[in-house]
K.L.:
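Quick one: the structure is below, questions incoming.
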Amino acid sequence: MSDTSPNHLQTDARQRLYTALAGIPAGYVISYGQLAALAGFTRRARWAGQVLKHLPADTRLPWHRVVNAQGKISLPPGPAAERQKALLEAEGVMVSDSLRINLRQYAWIPPLSDG
DNA sequence: GGCATGACACTGA
DNA sequence: ATCAGTGCCATGC
């Protein structure tokens with residue numbers, strides 16, 4: 001057993017990411033990097049993507065509200081990407097044909113925790 | 001420990 | 001605005 005990264009800590013880290021993700025309201029999007037930072041892990045954008053990829057297909061978490069820093073759906077072309085586009089549009093988010101979203105309008109800005 | 005991979009981010013052309 | 005190159009971190013072999 002390796003004590004450099006105990007499984008329960010990894011699980012806890014993912015849990016924090018889930019909590020942060022659950023806090024994104026419908027009609028908004030957030031970048032992988034912002035989401036990770038919101039969960040308390042800066043510079044962990046790629047890790048966030050890995051976690052989302054591991055999510056069970058029947059999750060209720062709003063994984064579709066996560067896009068890259070350019071405001072673009074980061075999934076490879078395919079049914080998954082189209083599903084994300086559809087889910088976002090169903091929430092009123094405008095997604096261009098090139099799978100792009102106007103962050104100026106839809107980026108979620110987390111409330112300051114009591115400053 | 002070294003090397004390759006990935007639902008990313010940033011900069012320069 | 002879009003593409004290519006480079007950097008960052010975590011994972012798996």
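A note on names: the letters A, B, ... follow the listed sequences, proteins ahead of strands, and every chain is numbered from 1. Please read all numbers here as calculations on a predicted model, not as lab measurements.
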K.L.:
Quick one, A:Tyr28 and A:Ile109 - any side-chain contact, counting heavy atoms below 4.5 Å?
P.N.:
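Not touching, per the 4.5 Å side-chain cut-off.
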K.L.:
Counting heavy atoms from C-beta on, name the nucleotide in B:dA7, B:dA9, B:dG6 closest to the side chain of A:Leu52.
P.N.:
B:dA7
K.L.:
For the side chain of A:Arg44 and the backbone of A:Thr42, is there at least one donor-acceptor N/O pair under 3.5 Å apart?
P.N.:
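It does hold such a pair.
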K.L.:
Between B:dA7 and C:dC13, how far apart are the two C1' atoms, rounded to whole Å?
P.N.:
22 Å
K.L.:
Whole Å only: how far is the CZ atom of A:Arg100 from the P atom of C:dC3?
P.N.:
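Those two atoms, CZ and P, are 9 Å apart.
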K.L.:
Determine: side-chain N/O of A:Gln10 to OP1/OP2 of C:dA10, distance under 4.0 Å, yes or no.
P.N.:
no
K.L.:
Check every strand shown and say whether A:Ser98 touches a base, only sugar-phosphate, or nothing at a heavy-atom separation below 4.0 Å.
P.N.:
nothing
K.L.:
Across all strands, who's sitting opposite B:dA13 as a Watson-Crick or G-U wobble pair, both distances under 3.5 Å?
P.N.:
C:dT2
K.L.:
Under a 3.5 Å cut-off for both contacts, is C:dC8 paired Watson-Crick or G-U wobble with anything, and if yes, with which nucleotide?
P.N.:
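The base-pairing partner of C:dC8, which may sit in any strand shown, does not exist here.
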K.L.:
Separation of A:Leu75 atom CG from B:dA7 atom C1', in whole Å?
P.N.:
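About 5 Å, once rounded to whole Å.
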K.L.:
State, yes or no, whether a side-chain contact exists between A:Leu52 and A:Leu21 at a heavy-atom distance under 4.5 Å.
P.N.:
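The answer is yes; the side chains approach within 4.5 Å.
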K.L.:
Less than 4.5 Å apart, side chain to side chain, heavy atoms only: is that true for A:Ile101 and A:Met94?
P.N.:
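Counting from C-beta outward, A:Ile101 and A:Met94 never come under 4.5 Å.
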K.L.:
Heavy atoms from C-beta onward define the side chain here; which of B:dA7, C:dC8, B:dA9 lies closest to that of A:Ala69?
P.N.:
B:dA9
K.L.:
Rounding to an integer number of Å, can you tell me how far A:Phe41 CZ sits from C:dC8 P?
P.N.:
20 Å
K.L.:
With the side chain counted from C-beta on, respond yes when A:Leu35 and A:Leu17 share a heavy-atom pair under 4.5 Å apart, and no when they do not.
P.N.:
yes
K.L.:
Could you tell me the separation between the CH2 atom of A:Trp47 and the C1' atom of C:dA10, rounded to a whole number of Å?
P.N.:
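Rounded to whole Å, this separation is 10 Å.
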K.L.:
Rounded to whole Å, how long is the line connecting atom CD of A:Gln50 with atom C1' of C:dC8?
P.N.:
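Checked: the CD to C1' distance equals 14 Å.
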K.L.:
Measure CG/A:Asn68 against C1'/B:dG6 and give the value in whole Å, please.
P.N.:
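Those two atoms, CG and C1', are 14 Å apart.
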K.L.:
Just how far, in rounded Å, is C1' of C:dC3 from CD of A:Gln70?
P.N.:
10 Å
K.L.:
Under 4.0 Å between a side-chain N/O of A:Arg44 and OP1 or OP2 of C:dC8, yes or no?
P.N.:
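Answer no for this pair, as no side-chain N or O of A:Arg44 is under 4.0 Å from OP1 or OP2.
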K.L.:
Measure the distance from CG on A:Leu61 to P on B:dA7 and round it to the nearest whole Å.
P.N.:
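Distance check: A:Leu61 CG to B:dA7 P gives 19 Å.
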K.L.:
What contact category does A:Gln34 fall into here, base, sugar-phosphate, or nothing, at under 4.0 angstrom with non-hydrogen atoms?
P.N.:
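A:Gln34: no heavy atom of the nucleic acid under 4.0 Å.
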